[in-house]
Participant: 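Okay, here's the structure, questions in a sec.
Keep in mind that the numbers below use all heavy atoms, side chains included, and drop hydrogens, waters and symmetry copies. This is a predicted model, so every value here is computed, not measured.
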Amino acid sequence: MTGLVDAWHRPAEPCHPDRVHLVYRERPSNISHTVAWTGRSTGAVDAHRVLPDGCMDLIWMGGQMVVAGPDTKAYLATWRADMPYAALRFGRGVGPRVVGVPARELRDQRIPLDQLWSAAVTRSLEERLAHARAPATVLEAVVSERLRDTRPPDPVADMTASHVGRGHSVERIAERAGLSVRQLHRRCLDAFGYGPKTLARIVRLNRALDIGRAGFAGADAALASGYADQAHLARDVRVLTGTTFAALVGVDEP
């Protein structure tokens, strides 16, 4: 499955298509459930939507390290001309283990890393990245070392991500995990920043968009991803992204 809790997503539809020139690349990281990505704007100030996906990002931008918490709605990101970006995107609950804070505390926020790590450690990392030929690789080395010294991953996060991706109900996931629905909700808040029902909604949305980007019509994408109908999909797209299905998948409005 692409997208969301497995850390795979892409910058969504630009807010100003005539002025946006994004150079964006991503690759699998050697860290489990993680993607390394780099980006740069080659035009003027570029604004684009980043869709909610159940992930967290550790981003080097403009010489500063920033943590992007899990989003519940699309985030309007602005990239300045010729500013390099290098980052790791963490899926399946990896992010909280890296930054040392439950995902729920970072929901819908962008926070300087020195508010979560020590100022000295953060400053040293920023200086290394400023002189690195491959800053994303440096980030991977730092994060790998940090993960070796932190708590083990929560197996419930990985299991929940897998079952949500298959469309299983919250009750079934809780039963498989040997937890009450309330206990599962709390574990998901820590791992993903929101409960399993919200996570499932975001997974379903991204699945529909991936199907639409593959060339299928909105009605077909809605049916294949578990929506009641195309109108249901359209409402979810509007609420979670602030735009339309057609705009996000790159087709003309009817």
Participant: Look up atom CG in L139 and atom CG in L125, then write down how far apart they are to the nearest 0.5 Å.
Facilitator: 6.0 Å
Participant: Just by distance, do the side chain of E171 and the backbone of V181 share a donor-acceptor pair under 3.5 Å?
Facilitator: no
Participant: Indicate yes or no: at least one non-hydrogen side-chain atom of D108 is less than 4.5 angstrom from one of K73.
Facilitator: no
Participant: Take R187 and D190, measure what salt bridge (Lys or Arg N to Asp or Glu O under 4.0 Å) needs, and give me the verdict at the end.
Facilitator: CA-CA 5 Å; R187 297 276 277 272; D190 286 347; over 6 Å; no
Participant: Going by the angle between their ring planes, with limits at 30° and 60°, are W79 and H48 parallel, tilted or perpendicular?
Facilitator: perpendicular
Participant: Please round to the nearest 0.5 Å and tell me the distance separating atom CZ of R235 and atom CZ of R238.
Facilitator: 13.0 Å
Participant: For the residue pair A221 and F245, what are the closest heavy atoms and their distance?
Facilitator: CB-CZ, 3.9 Å
Participant: Do R201 and Y194 come close enough that some side-chain heavy atom pair is under 4.5 Å?
Facilitator: no
Participant: For the residue pair S144 and N30, establish whether any side-chain heavy-atom pair is separated by less than 4.5 Å.
Facilitator: yes
Participant: Is there a side-chain contact between W37 and Y85 in this structure, where contact means two heavy atoms from C-beta onward sitting under 4.5 Å apart?
Facilitator: yes
Participant: Give the cluster check for F216 versus L233: same hydrophobic cluster or not, with ILVMFWY residues linked at side-chain heavy-atom distances below 4.5 Å.
Facilitator: no
Participant: Please say yes or no: joined through hydrophobic side-chain contacts below 4.5 Å, possibly via intermediate residues, are L223 and L248 part of one cluster?
Facilitator: no
Participant: Between atom CZ of R148 and atom OG1 of T150, what is the distance when rounded to the nearest 0.5 Å?
Facilitator: 12.5 Å
Participant: Any side-chain heavy-atom pair from R186 and P102 closer than 4.5 angstrom?
Facilitator: no
Participant: Is there side-chain contact between V203 and R207, with at least one heavy-atom pair below 4.5 Å?
Facilitator: yes
Participant: What distance separates D71 CG from D57 CG, expressed to the nearest 0.5 Å?
Facilitator: 8.5 Å
Participant: Judged by modelled atom types alone, do S162 and R92 share a side-chain donor-acceptor pair under 3.5 Å?
Facilitator: yes
Participant: Between atom CG of L205 and atom CG of L209, what is the distance when rounded to the nearest 0.5 Å?
Facilitator: 4.5 Å
